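Notes follow once the structure below has been shown.
The structure displayed is predicted, hence computed values, not measured ones. All chains are named by letter (A, B, ...) in the order of the sequence lines, taking the proteins before the strands, and each is independently numbered beginning at 1.
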Amino acid sequence: MTEIRYDPREIEPRWRRAWEEMGLFRTDLGGAERPCYALVMLPYPSGDRLHVGHWYHYGPADSWARFMRMRERDVFEPIGFDAFGLPAENYAIRTGIHPKDSTDRNVANMIEQLRTMGAMWDWAHTANTSDPSFYRWTQWIFLELYRAGLAYRKAAPVWWCPTDQTVLANEQVVEANVCERCGTPVEKRDLTQWFFRITDYAEELLSSLDDLEWPERTKTLQRNWIGRSEGVEIEWPVEGTDLAIRTFTTRPDTIYGVTFLVLAPEHSLVERITTDERLKAVLDYRDRARRLSEIERTSTEAEKTGEPTGACAIHPLTGERIPIWVADFVLLTYGTGAVQGVPAHDERDYDFAAALDLPVRWVIEAEPEDQASKQGLPGQAYTGHGTVVDSGRYTGMRSEDMLPRVVAHLESAASGEARVHYRLRDWLVSRQRYWGAPIPIIHCEECGEVPIPDEDLPVELPYDVDFSLGAGKSPLERSESFMQVECPSCRGAARRDPDTMDTFVDSSWYFLRYLSPHDEERPWDRALAEKWCPVYQYSGGIEHSVLHLLYARFMVKALRDLGHLGLDEPFRRLVHQGTITNQGAKMSKSRDNVITPDSYIAEYGADAFRAYLMFGFAWREGGDWKDEGIRAIAGWLQRVWRLVQLHRRLWSEGAALAQGDPDSDATRALILARHRAVRGATEDLEAWQFNTAIARIMELVNACYQHSQLDPALRDSTPRDSTPRDPVSETVLREAIETVVCLLAPIAPHLAEELWAMIGRKPPVVDAPWPEYDPDVLATEEVTVVIQVNGKVRDEMRVARDLPEKEIEALALTHGRIPTLIDGKAVRKVVVVPNRLVNLVV
RNA sequence: GCGAGAGUGGUGGAACUGGUAGACACGCAAGCCUUAGGAGCUUGUGGCUCACGCCGUGGGGGUUCGAAUCCCCCCUCUCGCACCA
């Protein structure tokens with residue numbers, strides 16, 4: 001017998017062409033009845049071949065979407081390109097190839113490659129963020145936010161990357177203050193920049209997180225990033241002046257333990273309160289602190305330093321004089337830029353007091369169990385709760401009980417105010433780089449900031465620009481033809497804003513544009529947006545947890561409040577894929593360890609490659625690349641192919657199917673196997689658990705082989721085992737094999753399509769209904785019950801389903817070798833888990 | 001330092017609300033079939049033991065008739081945050 005194999009190189013392109021000709025993946029957005037927006041985080045168009053990561057993300061995401069389509073959802077599955085950004089610009093600086101040219105070429109290449117995956121992407125609904133037809137609306141959004149006061153310009157100390165020569169958002173500064181992009185340590189600079197007022201939404205961004213079907217991990221990351229803390233702002237009058245220092249604390253119950261106040265060195269009151277004799281030392285200290293890199297300054301290892309200002313504040317409750325210090329461990333950017341020093345009950349304050357020999361005053365007694373551990377011992381602050389001591393009227397109270405009372409006390413004395421602070425800062429959106437959407441603002445000497453009128457949008461990025469890096473200025477600033485403009489308001493000479501927008505602005509709304517990418521009248525079709533959003537299922541890397549995902553949430557809420565969108569959240573459900581590593585290391589060009597899928601796809605086909613990535617890993621976890629895995633799954637696809645090939649007779653015209661014995665063990669087993677596989681695959685695909693879904697299909701394939709009675713001549717070789725099998729009903733067998741093809745359709749779309757046609761069905765298989773399973777069939781009449789003696793498995797028995805506990809117990813006591821094991825001992829206790837096990841305790 | 005997640009055969013990985021640990025594969029072994037085979041088929045495969053059996057989910061305790069799963073302590077790894085007051 002000649003070998004029976006299929007050739008993916010022939011099948012796959014053929015079906016992709018057929019799908020395209022059928023217009024299979026063009027979504028009727030308006031007419032859809034059960035919308036299911038299946039969105040993937042859009043790729044950055046790099047010049048490389050698609051890498052394993054693309055396949056690992058997009059292949060399974062498409063499989064999930066196909067599964068949903070077979071479950072009769074109207075699936076919209078688009079993809080686009082996050083095409084602005086630094087890599088293209090840096091590449092241009094290196095090679096002289098213009099970012100637009102390289103990006104356009106990369107996008108075209110990438111589309112060609114993406115097509116080989118056989119995904120259902122609707123290419124009529126795509127977007128390229130660097131296209132003027134797209135960024136025109138990015139600019140429009142900027143102006144909408146500007147008009148609403150949600151975009152504003154201010155001078156502030158901001159992060160600056162010396163390599164990329166641009167400012168960065170807080171969110172783009174990672175790990176000990178290095179640039180997310182290039183790994184260079186960043187520095188703080190005082191610059192005037194554009195911000196989006198995301199902090200206005202801190203509370204809602206936090207609270208509406210609860211209802212999202214997102215991984216807990218991701219929600220936690222966002223919660224931590226937003227960093228809400230509830231506390232009180234306390235006013236400390238400065239002795240001999242009419243000034244007051246405001247501190248923020250979450251622990252007002254320790255207020256009687258305050259022995260000093262500390263201002264950030266840059267605090268605006270520093271110069272005004274410092275006594276003449278201390279002024280020079282304090283200003284020197286401030287200058288030193290400024291020169292320190294942020295890394296040195298915020299290192300927890302560093303020895304605490306500070307200078308006394310010579311001034312004192314008045315304790316609002318005791319009237320005591322409290323010395324005021326400056327110290328660099330207090331950050332101007334958090335809270336009020338000033339803290340009350342409670343060395344006994346705050347570790348940082350303790351270290352500060354220890355380093356500068358300041359008094360420590362204990363006002364909370366450590367709990368006994370805390371004393372036993374490391375806290376509360378001399379040489380340590382006690383940060384827990386306990387009984388309050390030496391605290392006026394609160395003495396003897398529990399510190400938790402004191403807390404709300406002292407807040408009320410301070411408020412009634414007009415010395416304090418309950419406040420909530422957030423760690424979240426406003427989103428810095430301007431960049432001093434060329435390859436981005438220009439900020440649509442004109443600066444006019446007469447009129448100040450003037451927004452570009454809507455009808456003049458887009459502000460097109462000029463092509464002919466010297467985009468080399470220079471002195472921290474935007475390359476656009478060197479283009480006089482771009483910069484010089486007439487003020488739309490006074491018609492006088494004015495200049496454009498030379499900066500471009502953070503590319504995260506582009507990606508914070510792209511999913512709305514997919515719905516009507518060619519609309520020239522408006523950024524999105526509101527009716528469609530509200531019909532299809534929030535996105536039913538979003539997938540992408542966890543690294544975007546506090547960048548893209550937070551920004552997009554902010555954007556949707558802001559646009560809602562501006563009346564442009566009736567939506568609260570962009571993404572209802574979210575999943576993150578894991579990472580594929582190579583010998584334990586992240587794949588990257590610089591490590592030269594990137595695995596390119598091309599050769600595998602050439603040999604085994606896209607289906608096998610996709611299936612391998614789904615079967616060989618727990619998708620959310622990722623793992624290490626293994627060559628052998630793909631051969632295994634390719635072999636299995638051949639096995640499925642052979643299964644259908646070998647049984648083609650079952651579908652031939654007028655075939656007389658052997659009824660076999662409809663009640664034979666084989667027939668019953670096959671029916672059961674089919675329902676089990678459908679249930680398993682359905683539940684697992686729903687949960688993005690592709691590896692177990694495929695395992696369930698494999699079991700069904702194995703059952704089909706096991707129970708079918710192949711003509712030995714049809715096999716490649718005759719099995720030695722020639723024991724006659726139970727006759728199986730061929731109707732049941734046919735149904736089982738058809739089910740295999742359907743279940744395979746999301747996993748290996750090209751092959752399943754071919755098999756679907758082979759068994760005489762009309763393509764496309766993706767429009768076939770997903771197989772159903774019958775729970776009643778799965779509730780077989782017999783179950784295996786395990787018999788344990790003292791918790792150890794000793795035997796098992798087949799009994800009728802839902803047998804009463806008493807009967808199970810009676811059966812177990814006499815079953816097989818159980819009586820011997822019990823050996824006449826009294827059974828002290830019997831635990832019966834219905835349909836599962838019985839445990840005899842002797 | 002704080003927070004979150006993870007640790008299961010030689011390997012990738014399964015295991016619902018505590019209920020037969022190791023599904024499904026890879027690999028390996030034996031056999032079959034083949035001119036040939038990185039093809040196909042059958043069987044076996046956690047460890048120790050001739051066997052009865054015992055031991056096994058990072059380590060140590062605990063709860064329970066019963067623990068990979070729950071609780072406590074510890075170790076290791078990954079990822080966030082990192083003087084956030």
Side-chain angles (χ1 to χ4, degrees), chain A residues 1 3-5 174-177 215-225 227-229 231 247-251 254 262 297-302 304 327-331 333-342 346-349 351-352 421-424 542-543 545-546 579 612 615-618 621 623-624 626 628-629 631-633 635-636 638-639 642 680 683-684 689 691-699 702 705 710 712 715-723 784-796 828-842:
Chain A
M1 184 72 197
E3 63 180 35
I4 303 181
R5 301 178 72 77
V174 295
E175 280 169 45
N177 300 326
E216 258 335 292
R217 224 173 6 146
T218 312
K219 294 199 214 178
T220 304
L221 288 177
Q222 288 213 356
R223 285 192 191 104
N224 292 345
W225 187 261
R228 180 183 202 273
S229 45
T247 61
F248 176 71
T249 179
T250 55
R251 289 297 301 274
T254 64
V262 194
R297 186 166 159 182
T298 58
S299 161
T300 37
E301 320 288 81
K304 295 259 186 303
D328 62 8
F329 79 90
V330 175
L331 307 174
T333 48
Y334 187 78
T336 59
V339 300
Q340 50 173 46
V342 186
D346 181 280
E347 281 167 33
R348 295 152 302 181
D349 296 351
D351 293 344
F352 184 70
H421 276 279
Y422 301 92
R423 209 182 70 102
L424 182 69
I542 192 162
E543 65 273 18
S545 294
V546 288
T579 313
Y612 163 58
F615 184 65
F617 305 85
E621 309 298 322
D624 216 42
K626 278 245 165 30
E628 307 88 72
R631 223 181 300 130
I633 200 81
W636 179 70
Q638 294 291 356
R639 183 172 155 84
R642 222 163 32 237
E683 289 174 357
D684 291 346
Q689 277 157 16
N691 54 348
T692 48
I694 293 172
R696 299 291 87 81
I697 307 171
M698 286 175 166
E699 283 168 346
N702 291 346
Y705 270 104
L710 287 173
R715 290 190 183 259
D716 289 343
S717 58
T718 313
R720 175 70 181 258
D721 163 36
S722 54
T723 45
T784 303
V785 169
V786 168
I787 308 171
Q788 295 183 336
V789 177
N790 292 333
K792 289 189 194 298
V793 178
R794 292 302 180 203
D795 212 336
E796 59 179 48
R828 290 188 293 133
K829 183 170 181 178
V830 179
V831 180
V832 178
V833 182
N835 300 326
R836 280 227 128 109
L837 66 71
V838 45
N839 188 9
L840 307 167
V841 186
V842 297

Proximal nucleotide (of [options]) relative to the [X] side chain:
X        : options             : result
A:Lys304 : B:C83, B:G12, B:G3  : B:C83
A:Ala618 : B:A23, B:G13, B:A85 : B:G13
A:Ser229 : B:A39, B:A85, B:C65 : B:A85
A:Trp225 : B:C81, B:C65, B:A85 : B:C81
A:Leu221 : B:G12, B:C65, B:G80 : B:G80
A:Val786 : B:C24, B:A14, B:U20 : B:U20
A:Asn839 : B:A25, B:C65, B:A85 : B:C65
A:Arg631 : B:G38, B:C24, B:C54 : B:G38
A:Arg642 : B:G12, B:G40, B:C16 : B:G40
A:Arg348 : B:C84, B:C41, B:G19 : B:C84

Euclidean distance for [atom1], [N] against [M] (whole angstrom):
N     : M     : atom1 : answer
B:A29 : B:G18 : P     : 42 Å
B:G66 : B:G1  : C1'   : 40 Å
B:U69 : B:U20 : P     : 14 Å
B:G12 : B:C71 : C1'   : 32 Å
B:C26 : B:G46 : C1'   : 16 Å
B:A82 : B:C65 : C1'   : 48 Å
B:G37 : B:A23 : C1'   : 31 Å
B:U8  : B:G59 : P     : 10 Å

Pair assignment for [N], Watson-Crick or G-U wobble, requiring both distances under 3.5 Å:
N     : value
B:C16 : none
B:G27 : B:U45
B:C70 : B:G62
B:G38 : none
B:C79 : B:G3

**Prompt:** Which residue, A:Tyr422 or A:Leu837, contacts RNA chain B at a nucleotide closer to its 5' end, judged by nearest heavy atom?
**Reply:**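 The answer here is A:Leu837.
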**Request:** Starting from the 5' end of RNA chain B, give me the residue, A:Ala338 or A:Asn790, whose nearest nucleotide shows up first.
**Result:**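 Its nearest nucleotide being more 5', the pick is A:Asn790.
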Examine distances only and state if a side-chain atom of [X] and a backbone atom of [Y] form a donor-acceptor pair shorter than 3.5 Å.
X        : Y        : answer
A:Gln340 : A:Thr249 : no
A:Asn839 : A:Val831 : no
A:Tyr705 : A:Arg639 : yes
A:Tyr334 : A:Tyr422 : no

**Request:** Determine, stepwise, if the pair A:Phe615 / A:Met698 fulfils side-chain contact (heavy atoms from CB on, under 4.5 Å).
**Result:** CA-CA 11 Å; A:Phe615 184 65; A:Met698 286 175 166; 3.7 Å; yes
Below 4.0 angstrom from OP1 or OP2 of [N], is there any side-chain N or O of [X]?
X        : N     : value
A:Lys626 : B:G12 : no
A:Lys792 : B:C55 : yes
A:Arg423 : B:A82 : yes
A:Arg223 : B:A4  : no
A:Asn691 : B:A23 : no

Whole Å only: how far is the [atom1] atom of [X] from the [atom2] atom of [N]?
X        : N     : atom1 : atom2 : answer
A:His421 : B:A85 : NE2   : P     : 10 Å
A:Lys829 : B:G66 : NZ    : P     : 9 Å
A:Arg639 : B:C26 : CZ    : C1'   : 15 Å
A:Ile633 : B:G13 : CD1   : C1'   : 13 Å
A:Arg5   : B:G37 : CZ    : P     : 16 Å
A:Phe617 : B:U11 : CZ    : P     : 16 Å
A:Trp636 : B:G38 : CH2   : P     : 24 Å
A:Gln689 : B:G12 : CD    : P     : 19 Å

Across the strands shown, which category fits [X] at heavy-atom distances under 4.0 angstrom: base, sugar-phosphate, nothing?
X        : result
A:Asn702 : sugar-phosphate
A:Gln788 : base
A:Val841 : sugar-phosphate
A:Val833 : base
A:Arg794 : sugar-phosphate
A:Arg828 : nothing

**Message:** Check whether A:Phe352 forms a cation-pi arrangement with A:Lys304 (NZ or CZ under 6.0 Å from the six-membered ring centre, at most 45° off the ring normal).
**Reply:**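 Because its charged atom misses either the 6.0 Å distance or the 45° angle limit, A:Lys304 does not stack over A:Phe352.
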**Asked** Would you call A:Glu216 and A:Lys219 a salt bridge, using N to O less than 4.0 angstrom?
**Response**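 Looking at A:Glu216 and A:Lys219, the cut-off is met.
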**Message:** Apply the syn/anti split at 90° from 0 to B:G66 and say which one it is.
**Reply:**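 You should classify B:G66 as anti.
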**Request:** Heavy atoms only: give me the nearest A:Asp684-A:Ala693 pair and the separation to one decimal.
**Result:**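 Shortest heavy-atom separation between A:Asp684 and A:Ala693 comes out as OD2-N, 3.5 Å.
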**Message:** Quick check: any donor-acceptor pair below 3.5 Å linking the side-chain of A:Arg696 to the base of B:A23?
**Reply:**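 Yes, a donor-acceptor pair under 3.5 Å.
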**Asked** Have A:Asn790 and A:Arg828 got a donor and an acceptor in their side chains that come within less than 3.5 Å?
**Response**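 The criterion, which ignores hydrogens and geometry beyond distance, is not satisfied for A:Arg828 and A:Asn790.
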